[in-house]
Amino acid sequence: MFDIKWIRDNAVAFDEGRKKRGLEPLSAHLLSLDDTRRAAIAQNQAVQERRNAASKEIGQAMAKKDMARADELKAEVAALKDKTAGFEAEEKAAIESLNKALGEIPNIALEDVPIGADEHGNIEKSVHGSKPAFTFAPKEHFDLGEALGMMDFDTAAKISGARFVVTKGPLARMERALGQFMLDLHTDVNGYTEVNPPLMVNSDAAYGTNQLPKFEDDLFQTSRSEGSVDRLWLIPTAEVPLTNLVRESILEETALPIRVTALTPCFRAEAGSAGRDTRGMIRQHQFTKVELVSITTPEHSAAEHVRMLNSAEEVLKRLGLHYRVMTLCTGDMGFGAQKTFDIEVWLPGQNKFREISSCSVCGEFQARRMNARYRPTGEKQTRFVHTLNGSGLAVGRALVAVLENYQNEDGSITVPEVLRPYMGGMIKLENK
RNA sequence: GGAAGGGUGGCCGAGUGGUUUAAGGCAACGGUCUUGAAAACCGUCGUGGGUGCAAGCCCACCGUGAGUUCGAAUCUCACCCCUUCCGCCA
């Protein structure tokens, strides 16, 4: 969410920022909406001012028993009242159309973000490890999982439909192990506080982290009863409840940074992804993810972004997986991001790098939507916090990566060493 | 699902139609005092918006939305949320 006052004062910079994202200039349109809004407010306030003054006079006249004067004023206020109704409606409509427009405007990239139209403009920031060598043709994760008898898409389709999976036995345990391992790493080593948040959130929370109003189609929604207005949304990521932990609050600067992490299921309608990744566990309606969220001051958000990336990378390092870090270009970033690092893990079965984490700094974009502020030490005025979120990591995709990278020629899977303590010392997944 | 009680500034809390221009307290900030601090005392102190070079002036806000009234934190209606108890339930 942008501040219209900021846009008024920085119209050129605003339009240039949009241009870098491949978007049309919008400041002129927004400022004209704002002019309409301000004119409506001014005219409404003038009427109300007179009404308030007259009402006060009526009280005074009645105290003096001057009923003639009181009646005269009552008539005047009654006449004003007809006017206010129209003016109020006008003011409300003007404010709504400005807010609606502002709510659908994506964030602007930081200066050091590469400019580009789509994912081809992303820049490789670093690479870790190297492609594992196989003496045989490595298989894709779904072939491995199904052959082991531990991954069942057909049954999931009967129960729920496409884009769901049933995992069983040691494979189900490995998914759980991955989540536990990541969570322990972030809490014990990386300094995050574990949180177990609600998986269903209200519309205000979903608006705060940009899922609404623009991306409603990507969410699953629930309602308590037929025709009920108080619907809740299934979280598409724990970013939503974790970031909203600070909504509508004023924090002391000494309380920052706040670093929280959660292991949760995530639910995505995947409305725009028809035909993409239809086989396997890469793109599901439901998947598990460990999320990292930081709340910081504006001064510290850039450094926190790198720290968060390092925390996510550490998971892959300990799992012994080959990956690269991409700095997303302006055209490939998400709605709320000022800057984003994607981590892509190597999948030998697919012979490709695939996204397994995305770490974004949002500046005050979400904080404005949530009204999340802090009071700088010694200052009277509050400021908006900066928010950051990142996956650390997507557990479903991590499972895919382990299967494909740790596969053996006989179809068995070697369990990465760091996971063994979480799996009762198991060394291999195999079809017995 | 049933019953009762609640929702007022950063926090606590008074306030049942017109000096409420939202009391009072806490916290915070400035000052006096002090070698320094604490205490005490004095002062400042809600949020958002409009207008103005500025000082200021003005509008809105007491859970949300409607309504009654010349005038609503206060009265009416609907809804949301929270607490406690009962019922059901993992």
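Lettering follows sequence order; numbering is per chain, from 1. For the numbers below, each heavy atom of this structure counts, side chains included, while hydrogens, waters and symmetry mates do not.
The side chain to side chain donor-acceptor pair (under 3.5 Å) test applied to A:Ser294 returns A:Glu304, not counting sequence neighbours. Every residue meeting the side chain to side chain donor-acceptor pair (under 3.5 Å) condition with A:His300, not counting sequence neighbours, appears here in chain and number order: A:Thr297.
Across all strands shown, B:C75 forms a Watson-Crick or G-U wobble pair, both distances under 3.5 Å, with B:G67. With a cut-off of 3.5 Å on both pairing distances, the Watson-Crick or G-U wobble partner of B:G56 is B:U51. Across all strands shown, B:G2 is found opposite B:C85 as a Watson-Crick or G-U wobble partner, with both distances under 3.5 Å.
The number of heavy-atom neighbours closer than 6.0 Å to CD of A:Glu104, taken from other residues, nucleotides and ligands shown, is above 12.
Taking the six-membered ring wherever Trp is involved, the centroid distance between the rings of A:Phe220 and A:His285 falls below 6.0 Å.
Nucleotides B:G18 and B:C11 are separated by 28 Å at their P atoms, to the nearest Å.
Taking CE of A:Met423 as the start and CZ of A:Arg420 as the end, the distance is 10.0 Å to the nearest 0.5 Å.
Taking only side-chain nitrogens and oxygens, A:Lys92 comes nearer than 4.0 Å to OP1 or OP2 of B:A66.
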Legend entry - Where protein sits on nucleotides 43-59 of chain B, one letter per nucleotide: B base, S sugar-phosphate only, - none, heavy atoms under 4.0 Å: ----SSBSS------BB
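The backbone N or O of A:Glu404 sits less than 3.5 Å from a side-chain atom of A:Gln407, completing a donor-acceptor pair.
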